[in-house]
Amino acid sequence: MSYARGLRCRKCGQEYPVQPLNLCDFCLSPLEVSYDYKAMARALNREKLARGPLSMWRYRDMLPVEGKEVDIGTGFTPLLKADNLGRELGLDQLYIKNDCLNPTYSFKDRPVSVAATKAREFGFDTLACASTGNLAASVAAHAAKANMKAYVFVPAGVEPGKLVGIAIYKPVLMTVNGSYDDVNRLCTELVQRYDWGFININLRPYYAEGSKTLGYEVAEQLGWRAPDCVVAPAASGLLFTRIWKGLDELSMLGLIEPANTHMYLTQAAGSSPIVNAFHAGTLHVHPVEPNTIAQSVAIGNPADGYYALRVARQSGGGACAVTDEELIAGMKLLAQTEGIFAEAAGGVVVGALRKLAASGVIKRNELTVAFVTGAGPKTQEIVSDIVRPLTVQPSLESFEEVLGARA
Ligand SMILES: *Cc1c(COP(=O)(O)O)cnc(C)c1O
Ligand SMILES: [Zn+2]
């Protein structure tokens, strides 16, 4: 049983029954799942949650699902105390939420597992999505597990390393000549013609909810408390809003003290419409033409930009953009201090963390959690200059000669 009561328009409040629907018929604003929080609060406590499976499904009662989960083993990823990186940046209580360690190597498995579960409940036999790369891999994997068909659409310029990680699950893989925003526009047309569950379009309200588990997990892993600061990447902005919603719900349900977390949003400078709006002091996001190597977070016209801005503002947080050079340095620094090889989005987070700490926006003693959302092996090309092996003959002599030459 789920405590979801229906869908509600985030702007005009119009209510709808639970169904595959993303936008309000009246004002075209995004719909959001609404819950019976009173009943949920009565049913939940820390002890009960802690006894759940070591996956995101330990929070099943806080998600809008009724049927059996489409579960590929997602969630309950490590929250690591990052002492080496913290020392480097001047932060005494820095933690990394390492969401590279999901089955398809990004946090997308969280939202997709909820949306795929819902798709099956609604009777769809086909999953689909518009993706910058990681979402397509996750959708294809979940379709495989659920015995469903999958059609996934990515920009033709997607990193080659990502294509294998999608195709291996055997979806129908379409590369579209255009940017992600073009892909998204195409899929918005397709959703009206084909009876498919588009994970991030007609199933978007359910997709959104899966990412709340990142907020829940971090609070539980910190011993049931919210961090002082969060630094997380934004493409559409949805993930960022849901980390906050997860923390907010826990406090509303009395499972943690009222959350007073400052939420910092980061984007690559070559695709930073949300950060631009933050610094311009407006809630209106002007679309941009993305130009960055951080392709997984390169969305020029972010669907949830407005809501992400509101979270950054209202939480007393901020927004920060980093150049491609800075994000590459961030990837290398994270690997070389903490042993975590993240993709470009992780480099964006570390680059932003460095700036926010250096400028004193995030203070040394604040408990800060940085969200690393995707794994490095998918975007190896951008740091391949790091490979400079020493070549030796298989003899002691040769080894010592080369070693000597190096010194
Ligand atoms: C999709 C993605 C994001 C951003 O997600 P949004 O919800 O669209 O903001 C961040 N990091 C990685 C690795 C992603 O794949
Ligand atoms: Zn409305």
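Note that the numbering runs from 1 along the sequence shown for the chain. Whatever order the structure lists ligands and atoms in, that order sets their numbers, starting from 1.
For ligand 1, the atoms lying closer than 4.0 Å to a non-hydrogen atom of Ala234 are 9 (O). Interface of Glu343 with ligand 1, defined as ligand atoms under 4.0 Å from a residue heavy atom, comprises 13 (C). Of all atoms in ligand 1, numbered sequentially from 1 with element shown, those under 4.0 Å from a heavy atom of Ala345 are 11 (N), 13 (C). When each atom of ligand 1 is checked for a heavy atom of Thr373 under 4.0 Å away, the hits are 10 (C), 11 (N), 12 (C), 13 (C).
Protein heavy atom closest to atom 6 (P) of ligand 1, with residue, atom name and distance, is Ser236 OG, 3.4 Å. Shortest contact from atom 5 (O) of ligand 1 to any protein heavy atom: Phe107 CZ, 3.7 Å. The closest protein non-hydrogen atom to atom 1 (C) of ligand 1 is Lys108 NZ, 1.4 Å.
Here the angle at the Zn ion (ligand 2) defined by SG in Cys27 and SG in Cys24 stands at 120°, rounded to 10 degrees. Between Cys9 atom SG and Cys12 atom SG, the angle centred on the Zn ion (ligand 2) amounts to 110° (nearest 10°).
In this structure, Arg8 forms no cation-pi arrangement with Tyr16, as its terminal cationic atom is not both closer than 6.0 Å to the ring centre and no more than 45° off the ring axis. Cation-pi contact between Arg313 and Phe278: present, with separation from the ring centre below 6.0 Å and deviation from the ring axis of at most 45°. Relative to the ring axis of Phe122, Lys118 places its NZ or CZ within 45° and under 6.0 Å from the centre.
Atom OG1 of residue Thr337 and atom CG of residue Asp83 lie 10.5 Å apart, to the nearest 0.5 angstrom.
Side-chain polar atoms of Asp109 and Thr104 form a donor-acceptor pair below 3.5 angstrom. Under the 3.5 Å distance criterion, with hydrogens and angles disregarded, no donor-acceptor pair is assigned to the side chains of Arg110 and Thr373. Under the 3.5 Å distance criterion, with hydrogens and angles disregarded, a donor-acceptor pair is assigned to the side chains of Tyr37 and Glu249.
Aromatic pair Tyr151/Trp196: ring centres closer than 6.0 Å.
Between Arg10 and Asp304, the closest side-chain pair of non-hydrogen atoms falls below 4.5 Å.
No more than 12 heavy atoms of other residues, nucleotides or ligands shown are found within 6.0 angstrom of NZ on Lys170.
At a 4.0 Å heavy-atom cut-off, ligand 1 touches Asn134 through the side chain alone. The residue Asp304 has no part lying near ligand 1, judged by heavy-atom distances below 4.0 Å. Looking at Ser106 against ligand 1, nothing comes within 4.0 Å, counting heavy atoms. Heavy atoms of Phe240 found under 4.0 angstrom from ligand 1: none, in either backbone or side chain.
Among the atoms of Gly237, some N or O lies under 3.5 angstrom from an N or O of ligand 1. Among the atoms of Val297, none of the N or O lies under 3.5 angstrom from an N or O of ligand 1. Taking any N or O of Ser296, backbone or side chain, none lies under 3.5 Å from an N or O belonging to ligand 1. At least one N or O atom of Leu239 sits closer than 3.5 Å to an N or O atom of ligand 1.
Aromatic ring pairs are classed by plane angle as parallel below 30°, tilted from 30° to 60° and perpendicular above 60°; the pair Tyr216 and Tyr59 is tilted.
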